[in-house]
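These notes concern the structure reproduced below.
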Amino acid sequence: MKIINISFLALFFFLTISGYSQTQSPNYTPDPRLYECMKKADVDKLSTERSELLLYYNYYLSNSYYVVKLKSEKPVTGLDIHTVPANTDNSSVSYFAEKTYDPTTFNVMKYNFTRKLDGFTTFVWEEAGIALVFYPTRHVQANFKDYLKSIGIN
């Protein structure tokens, strides 16, 4: 009977510690959009190694830019988004050709958007009625560091 109680207590302790560590550790689950622009083996490797690079990619997908409607009080100017080349492994060059914007599925990493280290970069997307405004690279990096601190990684 004592062995059962000790085993139960050990199991309870293990599950409690395991549950606590899972709530304290960051989410190293890859954003599904990463599989659209990276090899599955590379994404899986980042995931299994619990790499901060995976956290950065996940963060970058939704936090590297913001959206401005073209029909606003101030006119929006910027580069034509259709001049942005796609990131492809093949030798042929293709360009941005998407027609609609959905923030949950849009993947900025599928394209070779030029960004500035210290300045904003705007891409006008007429069909979607928006412009994508990319934050300066230093801004994204600084905010990512703050994000890491907020989830307990220094």
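Heavy-atom basis, side chains included; hydrogens, waters and symmetry copies ignored. This one's a predicted model, so the numbers in the text were calculated from it and none came from an experiment.
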(request) Assert yes or no for the condition that the ring centre distance of F123 to F113 is strictly below 6.0 Å. (result) yes
(message) Is any side-chain heavy atom of T29 closer than 4.5 Å to one of N58?
(response) no
Give every donor-acceptor pair under 3.5 Å between a side-chain atom in residues 77-85 and any protein atom, sequence neighbours left out.
from : atom 1 : to   : atom 2 : distance (Å)
D80  : OD1    : H82  : N      : 3.0
H82  : ND1    : F96  : O      : 3.1
H82  : NE2    : E127 : OE1    : 2.8
H82  : NE2    : E127 : OE2    : 3.0
T83  : OG1    : D80  : O      : 2.7

(request) Give the minimum heavy-atom separation between L34 and Y57, together with the two atoms involved. (result) CD2-CB, 3.7 Å
(message) Checking K40 now: which residues fulfil salt bridge (Lys or Arg N to Asp or Glu O under 4.0 Å) with it, not counting sequence neighbours?
(response) D44
(message) S62: which residues meet the side chain to side chain donor-acceptor pair (under 3.5 Å) condition with it, sequence neighbours left out?
(response) R33
(request) Kindly compute the distance separating CG (L61) from CE (M109), expressed to the nearest 0.5 Å. (result) 5.5 Å
(request) Any chance you could measure S64, atom OG, to F134, atom CZ, to the nearest 0.5 Å? (result) 5.0 Å
(request) Sequence neighbours left out, what passes side-chain contact (heavy atoms from CB on, under 4.5 Å) with V68? Give chain and number order. (result) Y66, V76, V133
(message) Grouping I, L, V, M, F, W and Y whenever their side-chain heavy atoms are under 4.5 Å apart, do I130 and Y95 come out in a common cluster?
(response) no
(request) Kindly give the cluster partners of L117, where membership spreads through any ILVMFWY side chain lying under 4.5 Å from a current member. (result) none
(message) The criterion is side-chain contact (heavy atoms from CB on, under 4.5 Å); which residues satisfy it with N143, sequence neighbours excluded?
(response) Y59, H139, D146
(request) Could I get the full list of side-chain contact (heavy atoms from CB on, under 4.5 Å) partners for A86, not counting sequence neighbours? (result) T88, S94, Y111
(request) Mind listing the closest non-hydrogen atom pair of V43 and M38 along with its distance? (result) CG2-CB, 3.6 Å
(request) Kindly write out the residues that satisfy side chain to side chain donor-acceptor pair (under 3.5 Å) with Y65, not counting sequence neighbours, or none if the list is empty. (result) Y101
(request) Please name all residues satisfying side-chain contact (heavy atoms from CB on, under 4.5 Å) with S47, sequence neighbours left out, ordered by chain then number. (result) P30, L54
(message) Suppose we call two aromatic rings close when their centres sit under 6.0 Å apart. Are Y60 and F144 close by that rule?
(response) no
(message) Test: salt bridge (charged side-chain N to carboxylate O under 4.0 Å, His left out). Region: residues 101-123. Which pairs qualify, not counting sequence neighbours?
(response) E36-K110, E98-K110, D118-R138
(request) Would you name the heavy atoms of Y56 and Q141 that are closest together and state the gap between them? (result) OH-CG, 4.4 Å
(message) Just to verify, what does D42 make a salt bridge (Lys or Arg N to Asp or Glu O under 4.0 Å) with, not counting sequence neighbours?
(response) none
(request) Would you give the length of the straight line joining atom CG of L46 to atom CG of L53, rounded to the nearest 0.5 angstrom? (result) 5.5 Å
(request) Evaluate the criterion side-chain contact (heavy atoms from CB on, under 4.5 Å) for residue pair L132 and F106; output intermediate values, then yes/no. (result) CA-CA 11 Å; L132 301 180; F106 181 70; 3.6 Å; yes
